[in-house]
Amino acid sequence: MGGSRPTMADVAREAGISTALVSIVMRGAPGASDATRSRVKRIAEDMGYVPDERARKLRRTRSRLLGVAFQLQQPFHADLVEEIYEATADTGYEIALSAVTPRRDRETAAQALLRERCDAIVLLGGGMDAPAAARLAERVPTLVVAGRCDAPGVGVVRADDGAGVSLAVDHLAGLGHRRIAHIDGGRAAGAEDRREGFRAAVERHGLAGSAEVVGGGLTEADGARGAQRLLARPHPPTAVVAFNDRCALGVLEALAREGVEVPGRMSVVGYDDSRFARSAFTRTTTVSQDAGRMARAVVSGAGTRIAGGAPEEVVLPVHLVPGETTGPAPR
């Protein structure tokens with residue numbers, strides 16, 4: 001410990017549990033088993049941890065609310081919100097939601113959560129500019145999730161988006177595809193990482209000369225427009241990596257209208273493993289960010305920040321989920 005006074009975050013790290021759970025034990029609040037209470041108290045005593053009375057008084061004034069700002073247009077955000085509820089079930093925290101819409105930006109959504117006196121605010125998808133995020137973090141512990149943020153004082157929990165798209169390209173190249181396209185996410189959170197991951201992967205496979213990135217976005221309409229542009233090429237790609245599952249669904253709908261067989265003539269990969277990847281008529285091949293694991297990291301990170309811990313950037317691994325929309329390249 002280098003002579004410094006042990007903190008609640010230090011106890012949590014030593015015990016291998018969340019700071020929020022240590023806080024439950026120290027407050028004598030419900031939500032922890034007797035075995036966990038005994039173990040945490042023993043570790044705290046061995047480390048010489050002494051609760052800060054000033055912090056204890058401050059905790060008594062807390063709202064026990066975790067604020068979450070999410071985008072209505074993002075199905076993955078709905079999955080994340082559901083998992084965050086699950087992850088907070090034994091922490092004593094309730095969730096306050098604030099939606100981001102085309103006419104209601106993230107700052108407005110965050111201000112609404114501030115008015116609710118939330119103990120921490122979680123911004124799903126990022127998107128707030130760095131100065132605004134830094135100002136918010138000065139007022140309340142703040143985390144950006146599923147996106148990047150370089151603002152001082154802001155914690156980050158995100159998936160390795162570049163690696164995710166690379167997995168998709170590896171999968172398609174392994175099936176013999178040589179002409180692969182990426183319909184990107186425009187300016188959406190994670191879009192730049194996914195573009196760069198795509199470019200690096202096709203170059204690694206020696207396919208850069210026949211690969212293409214076209215503008216897309218978050219919605220089915222964006223995917224459909226991207227697919228139509230690709231189908232108009234003299235030599236259309238045989239495989240497409242879409243920015244997300246909703247975009248991939250638009251690609252599939254456009255291909256169906258044009259009579260393009262999937263995966264016979266064209267393979268399609270989505271991203272997020274959201275509910276849009278599991279439609280009534282097909283199971284889309286997709287890249288999973290593991291919403292449950294991400295939600296647990298969010299709740300743990302929020303607990304650490306609320307307890308006075310420093311903000312961290314947590315980058316989570318991803319994995320490919322094979323489905324019915326990818327197959328061998330056409331001969």
Item checked: Distance, nearest 0.5 Å, that separates CG of D119 from CG of L66 -> 8.5 Å
Checklist line | Test side chain to side chain contact (heavy atoms under 4.5 Å, CB included) applied to V240 and M266, step by step | finding: CA-CA 7 Å; V240 173; M266 190 176 292; 3.7 Å; yes
Next item on the list: Would you please test R233 and E212 for salt bridge (Lys or Arg N to Asp or Glu O under 4.0 Å) and show each step?
Entry: CA-CA 11 Å; R233 303 287 193 263; E212 181 178 3; 2.4 Å; yes
Check: With side chains defined as the heavy atoms from C-beta onward, is the minimum distance between R229 and R225 less than 4.5 Å?
Finding: no
Item checked: G327 to P263 - nearest heavy-atom pair and separation -> N-CB, 3.5 Å
Notebook entry, point to check: Shared ILVMFWY cluster between V81 and Y93, side chains joined below 4.5 angstrom?
Noted result: yes
Next item on the list: Return yes if some donor-acceptor pair links the side-chain N/O of D161 with the main-chain N/O of D193 below 3.5 Å, else return no.
Entry: no
Item checked: Within-4.5 Å side-chain heavy-atom neighbours: L218 and N244 -> yes
Margin query: Measuring from atom CE of M47 to atom CZ of R13, what distance do you get when rounded to the nearest 0.5 angstrom?
Written below: 8.0 Å
Show the atom names and distances, to 0.1 Å, of all donor-acceptor pairs under 3.5 Å that link a side chain in residues 297-317 to residues at least two apart or in another chain.
| unit_1 | atom_1 | unit_2 | atom_2 | d |
| --- | --- | --- | --- | --- |
| T304 | OG1 | T19 | OG1 | 2.9 |
| T304 | OG1 | S300 | O | 3.1 |
| R305 | NH1 | G309 | O | 2.9 |
| R305 | NH2 | G153 | O | 3.2 |
| E313 | OE2 | R158 | NE | 3.0 |

Margin query: Is it the case that the side chain of D10 and the backbone of T7 share a donor-acceptor pair, with hydrogens and angles ignored and the cut-off at 3.5 Å?
Written below: yes
Next item on the list: Spell out, yes or no, whether L113 and V122 are grouped together once hydrophobic residues are joined by side-chain heavy atoms under 4.5 Å, including indirect joins.
Entry: no
Check: Taking C-beta and beyond as the side chain, do I95 and L97 meet within less than 4.5 Å on heavy atoms?
Finding: yes
Next item on the list: To the nearest 0.5 angstrom, please state how far the CD atom of E261 sits from the OG atom of S267.
Entry: 10.0 Å
Checklist line | Pair T325, R283: side-chain N/O donor-acceptor within cut-off below 3.5 Å | finding: no
Next item on the list: Please answer whether the main-chain N or O of R135 pairs with a side-chain N or O of R139 as donor and acceptor at a distance below 3.5 Å.
Entry: no
Margin query: Could you check whether any side-chain heavy atom of P6 comes within less than 4.5 Å of a side-chain heavy atom of E14, counting everything from C-beta outward?
Written below: no
Next item on the list: Check whether any side-chain heavy atom of I43 lies under 4.5 Å from a side-chain heavy atom of V40, and answer yes or no.
Entry: no
Note to self: Does atom CG (D170) have a neighbourhood of more than 12 heavy atoms from anything else shown, all under 6.0 Å?
What the structure shows: yes
Note to self: Ignoring hydrogens, what is the shortest heavy-atom contact between R257 and A224? Give both atom names and the distance.
What the structure shows: NH2-CB, 4.0 Å
Next item on the list: Check the surroundings of atom CD in E45: do more than 12 heavy atoms from other residues, nucleotides or ligands lie under 6.0 Å from it?
Entry: no
Note to self: Within this structure, what is the CG-SG distance for the pair L123 and C149, rounded to the nearest 0.5 Å?
What the structure shows: 8.0 Å
Notebook entry, point to check: Looking only at atom types and distance, does a side-chain atom of S38 sit under 3.5 Å from a main-chain N or O of D34, one as donor and one as acceptor?
Noted result: yes
Check: Heavy-atom distance under 4.5 Å between the side chains of E324 and T282, does that happen here?
Finding: yes
Notebook entry, point to check: Are side-chain heavy atoms of E253 and L249 found at a separation under 4.5 Å?
Noted result: yes
Notebook entry, point to check: Are F198 and H182 close enough that their ring centers fall under 6.0 Å?
Noted result: yes
Checklist line | Check: D273/Q289 side-chain N/O donor and acceptor closer than 3.5 Å | finding: no
Next item on the list: Mark yes or no for whether S33, through its side chain, and T36, through its backbone, hold a donor-acceptor pair below 3.5 Å.
Entry: yes
Notebook entry, point to check: Between the side chain of R179 and the main-chain N/O of P236, is any donor-acceptor distance below 3.5 Å?
Noted result: yes
Next item on the list: Dump the intermediate steps for side chain to side chain contact (heavy atoms under 4.5 Å, CB included) on I121 and L136, then the final yes or no.
Entry: CA-CA 9 Å; I121 290 179; L136 180 64; 4.1 Å; yes
Notebook entry, point to check: Do the side chain of R37 and the main chain of M26 share a donor and acceptor less than 3.5 angstrom apart?
Noted result: no
Next item on the list: Determine the minimum heavy-atom distance between A159 and M294, stating which atoms define it.
Entry: N-CE, 3.7 Å
Next item on the list: Could you walk me through whether L255 and L231 pass side chain to side chain contact (heavy atoms under 4.5 Å, CB included), step by step?
Entry: CA-CA 9 Å; L255 296 179; L231 289 173; 3.9 Å; yes
Margin query: Is there a continuous path of hydrophobic side-chain contacts, each under 4.5 Å between heavy atoms, that joins V269 to I183?
Written below: no
Next item on the list: Would you check if the side chain of T284 reaches a backbone N or O of T286 as a donor-acceptor pair within less than 3.5 Å?
Entry: no
Margin query: Before you tell me yes or no, could you show the steps for R64 and T91 under side chain to side chain donor-acceptor pair (under 3.5 Å), namely the whole-Å CA-CA distance, both residues' side-chain angles and the distance that decides it to 0.1 Å?
Written below: CA-CA 9 Å; R64 308 300 298 170; T91 66; 5.8 Å; no
Item checked: Verify same cluster id: F243, V165 (apolar side-chain graph, 4.5 Å) -> no
Margin query: Testing the basics here: between S288 and V321, what is the closest heavy-atom pair and its distance to 0.1 Å?
Written below: CB-CG2, 3.8 Å
Note to self: Show the nearest heavy-atom pair for residues P322 and T285, with the distance to one decimal.
What the structure shows: C-OG1, 3.8 Å
Note to self: Let me check something: do V241 and V287 share a hydrophobic cluster, defined by ILVMFWY side-chain heavy atoms less than 4.5 Å apart, either directly or through other members?
What the structure shows: yes
Note to self: Please evaluate residues Q73 and R246 with respect to the criterion side chain to side chain contact (heavy atoms under 4.5 Å, CB included), reporting the C-alpha separation (whole Å), side-chain torsions for both, the decisive distance (0.1 Å), and the verdict.
What the structure shows: CA-CA 9 Å; Q73 288 187 321; R246 192 173 175 188; 3.7 Å; yes
Item checked: Distance in Å, Q74 CD paired with T219 OG1, rounded so as to fall on 0.5 Å steps -> 10.5 Å
Next item on the list: Decide if atom CD of E203 counts as having more than 12 heavy atoms of other residues, nucleotides or ligands within a radius under 6.0 Å.
Entry: no
Next item on the list: Taking the side chain as every heavy atom from C-beta outward, state whether V140 and L114 have any atom pair closer than 4.5 Å.
Entry: yes
Note to self: Please check this pair: side chain of S274 against backbone of D245, looking for a donor-acceptor N/O pair closer than 3.5 Å.
What the structure shows: no
Next item on the list: Decide whether H171 and T326 meet the rule of one side-chain donor and one side-chain acceptor closer than 3.5 Å.
Entry: yes
Notebook entry, point to check: Quick one: does H177's side chain have a donor or acceptor within less than 3.5 Å of a partner on P237's backbone?
Noted result: no
Next item on the list: Could you tell me whether R275 and E82 make a salt bridge, using a distance below 4.0 angstrom between a side-chain N and a carboxylate O?
Entry: yes
Next item on the list: Determine the minimum heavy-atom distance between R204 and S166, stating which atoms define it.
Entry: NH2-OG, 2.6 Å
Checklist line | Reported CZ-to-CZ distance for the pair F276 and F76, which is rounded to 0.5 angstrom | finding: 14.0 Å
